[in-house]
Amino acid sequence: MNNVRSVPNENNDDGIIISSASNVFYLCGYDCGGDGTIVSSNGKTVLFTDRRYTEEAARRVNAEVEVRDGGLPEIAAFFRENGAKRISFEAEAVSCAEYTRLKDAISGVELVPTVGAVEKLRAVKSSRELSRIADAQKITDKVFEEILPLIKEGITEYELAAKLEYAIRSKGAELAFDSIVAFGTNGSSPHAHRSAAVLKKGDLVTMDFGAKLDGYCSDMTRTVACGYVNDAQRSAYGAVLEANTLCVAKIRAGMTCREADSLARERLKIHGLDGYFVHSLGHGVGIDIHEAPYLSQRSDEVLTEGNVVTVEPGVYLEGLFGIRIEDMVVVKDGCCIDLTGSDKDLIIL
Ligand code: ZN
Ligand code: ZN
């Protein structure tokens with residue numbers, strides 16, 4: 001796994017071009033910040049990048065990969081040297097303008113679009129990848145513990161988000177994504193943009209954040225309360241927690257993504273809250289914060305061992321509040337293992 005030869009060659013093409021930055025990192029082990037292309041033909045694999053990256057890349061790429069300084073003309077020459085006539089390219093990673101430039105540069109060669117070939121491999125994590133994801137989540141758990149005493153009446157969403165992100169970066173990690181911090185009524189938008197809103201007693205605080213370590217992401221959401229909770233908040237929190245824990249207990253290999261999503265939806269229905277669960281249950285996490293598989297009503301995909309997915313049921317009541325509890329689990333040995341260590345019981349600060 002983790003090399004170009006393991007990418008399915010369904011069209012029997014005699015060459016492949018990998019342009020997606022995340023797929024390049026997955027296949028060669030080095031992140032060129034989006035300025036690298038992997039090409040392979042005739043048993044040879046080359047990473048073409050520029051002088052900003054070639055030196056470090058040569059030290060860090062997987063053994064089978066050769067690093068060269070170059071762009072489109074050099075890529076075209078590589079395929080000519082290897083006599084390639086049909087080359088597959090990643091349709092979702094190449095813009096229309098890039099496709100036109102590629103076609104002009106490699107004239108006389110048939111370009112065949114492919115979708116999701118590397119992403120399919122990435123959905124099943126190796127033990128090395130799993131340990132990187134688990135380490136990223138450990139940082140996220142530690143940040144949550146540190147941030148709780150700072151959640152006080154009077155703080156703004158901007159300030160709390162900045163403190164969260166400072167804590168992640170101080171531990172040597174990157175941000176897996178821009179953190180979501182939403183107070184009170186702002187929480188009813190699942191992906192609310194942070195604002196100057198000031199925390200007051202009776203508000204729920206939703207924090208969705210994650211660290212990225214050694215190229216791998218973590219993702220967690222916790223909802224806590226400031227001062228006190230009313231009955232509606234308390235019972236909705238209990239329902240979301242039930243849905244979360246039920247999914248963590250039941251998700252396993254062999255289940256479809258739709259079945260996983262239904263577990264949460266049906267549990268929230270018992271509480272009359274399924275109509276307020278306005279997004280899907282979860283998504284894969286790895287090099288990208290959102291990647292295959294997607295736990296949704298629209299997916300018949302079957303979960304397999306080694307998938308890392310989030311379990312993030314939520315309810316969103318417009319003009320009132322929002323609650324989401326998100327853990328990250330790995331599908332393993334007939335069950336799933338929760339990689340998230342942070343407490344899920346309702347915390348009132
Ligand atoms: Zn999240
Ligand atoms: Zn998520």
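Just so you know, ligand 1 is whichever comes first in the structure, and atom 1 is the first atom listed for that ligand. Just so it is clear, the values below take in all heavy atoms, side chains as well, and ignore hydrogens, waters and symmetry mates.
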Report task. Verify the distance test for H290 against the Zn ion (ligand 2): any N/O/S atom under 2.8 Å, yes or no. Result -> no

Query raised in the report: Counting backbone and side-chain atoms alike, does D208 have an N/O/S atom under 2.8 Å from the Zn ion (ligand 1)?
Result: yes

Query raised in the report: Any ion pair linking R122 and E291 (charged N to carboxylate O, less than 4.0 Å)?
Result: yes

Report task. Examine distances only and state if a side-chain atom of D338 and a backbone atom of T340 form a donor-acceptor pair shorter than 3.5 Å. Result -> yes

Report summary line: Per residue D219, nearest N, O or S atom to the Zn ion (ligand 1) is named OD1

**Report entry** Whether N82 side chain and N42 backbone form a donor-acceptor pair below 3.5 Å
**Finding:** no

Query raised in the report: In E326, which N, O or S atom comes closest to the Zn ion (ligand 1)?
Result: OE1

Query raised in the report: Relative to the Zn ion (ligand 2), which of the N, O or S atoms in E312 is the closest?
Result: OE2

Query - Note: R52-E56 ion pair, threshold 4.0 Å (strictly below) - result: no

Report summary line: From the list I287, V285, D135, side chain to side chain contact (heavy atoms under 4.5 Å, CB included) partner of Y216 resolves to I287

